[in-house]
Amino acid sequence: QVQLVESGGGLVQAGGSLRLSCAASGRTFSGYIMGWFRQAPGKEREFAARITRTGGSTSYADSVKGRFTISRDNAKKTVYLQMNSLKPEDTAVYYCAAARIIASGRTSGEYDYWGQGTQVTVSS
């Protein structure tokens, strides 16, 4: 069992940066692939980024590639999402998720545990 708690969301102007954190409970954090998803009002939840257990491999949605960076600190049981050059279309609730086994890691159904989400609002 893993419990996930996101933090770091807020209001930022276009072009600005935010760093999201997701703190996990449980002893086996390093055994999980971690992902970040987001959901804008009226839209489906979409993949943003994912990172493998050791952090050796990452994957990004085309919409965030080059602007967002996912990382993890297994000693702190925390995964991060550094978001730079933010755009109004990045406005969404951001969720972190944990998976034991994935195929691509790009679909929400692959993940076993979810946080409650943190709101990110980017003003133009």
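A quick note: this is a predicted structure, and the numbers were derived from the prediction, not measured. The first residue in the sequence is number 1, and the count goes up from there.
- Closest heavy-atom contact between S85 and S17: N-OG, 4.4 Å.
- Stacking of R53 on the aromatic ring of Y32 is not recorded, the 6.0 Å distance cut-off and the 45° axial limit not both being met.
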Apply the test side chain to side chain contact (heavy atoms under 4.5 Å, CB included) to residues L4 and M34: give CA-CA distance (whole Å), side-chain angles for both, the deciding distance (0.1 Å), then the verdict. CA-CA 10 Å; L4 305 171; M34 300 299 297; 4.0 Å; yes

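- Summarising the geometry of L81 relative to A49, their closest heavy-atom pair is CD1-CB, 4.2 Å, with the distance given to 0.1 Å.
- Atom OG in S59 sits 12.0 Å away from atom CD1 in I33 (nearest 0.5 Å).
- Here the CD-CD distance, from Q39 to Q119, works out to 11.0 Å after rounding to the nearest 0.5 Å.
- You'll find the side chain of V122 stays beyond 4.5 Å of the side chain of E89, heavy atoms only.
- For the atom pair OG of S7 and OH of Y80, the computed distance is 9.0 Å after rounding to the nearest 0.5 Å.
- A heavy-atom distance below 4.5 Å is found between the side chains of V79 and W36.
- Contact record, T118 with G9: OG1-N, 3.2 Å, taken as the closest heavy-atom pair.
- Geometrically, R72 engages F29 in a cation-pi contact, judged by NZ or CZ lying under 6.0 Å from the ring centre and within 45° of the ring axis.
- Between the OG1 atom in T91 and the CG atom in L11 there is a gap of 8.5 Å [rounded to 0.5 Å].
- Annotation for T78 and S21: closest pair CG2-CB, 4.3 Å, computed over non-hydrogen atoms.
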Please determine whether side chain to side chain contact (heavy atoms under 4.5 Å, CB included) holds for the pair Y111 and F37, giving the CA-CA distance in whole Å, both sets of side-chain angles, and the decisive distance to 0.1 Å. CA-CA 11 Å; Y111 290 81; F37 287 74; 3.5 Å; yes

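- One hydrophobic cluster, built from ILVMFWY side chains closer than 4.5 Å, cannot hold both F47 and Y94; they sit in different ones.
- Note: the hydrophobic cluster containing V93 does not contain Y113 (ILVMFWY, side chain heavy atoms under 4.5 Å, direct or indirect links).
- In this structure, I102 and R50 approach most closely via the heavy-atom pair CD1-NE, 3.7 Å.
- Distance alone, capped at 3.5 Å, is enough to place a donor-acceptor pair between the T52 side chain and the S57 backbone.
- Looking at heavy atoms from C-beta onward, R38 lies in side-chain contact with V64 at the 4.5 angstrom threshold.
- Separation of atoms CE (M83) and OG1 (T69) is listed at 11.0 Å; rounding is to 0.5 Å.
- Taking OG1 of T28 as the reference point, atom CD of Q1 lies at 10.0 Å (rounded to 0.5 Å).
- A pairwise comparison of heavy atoms in S30 and N74 identifies CB-ND2, 3.6 Å as the closest pair.
- In this structure, K87 does not pair ionically with D90, as no charged nitrogen and carboxylate oxygen lie closer than 4.0 Å.
- Using cut-offs of 30° and 60° on the angle between ring planes, the pair Y95 and W114 is perpendicular.
- Formation of a donor-acceptor pair under 3.5 Å by the E110 side chain with backbone atoms of G105 is found in this model.
- A donor-acceptor pair under 3.5 Å links the side-chain atoms of E6 to the main chain of Q116, judged by distance alone.
- By the neighbour-count criterion of 12 heavy atoms within 6.0 Å, atom CD of Q3 is sparsely surrounded, having that number or fewer from other residues, nucleotides or ligands.
- Within the 3.5 Å criterion, the main-chain N or O of I51 finds no donor-acceptor partner in the side chain of T58.
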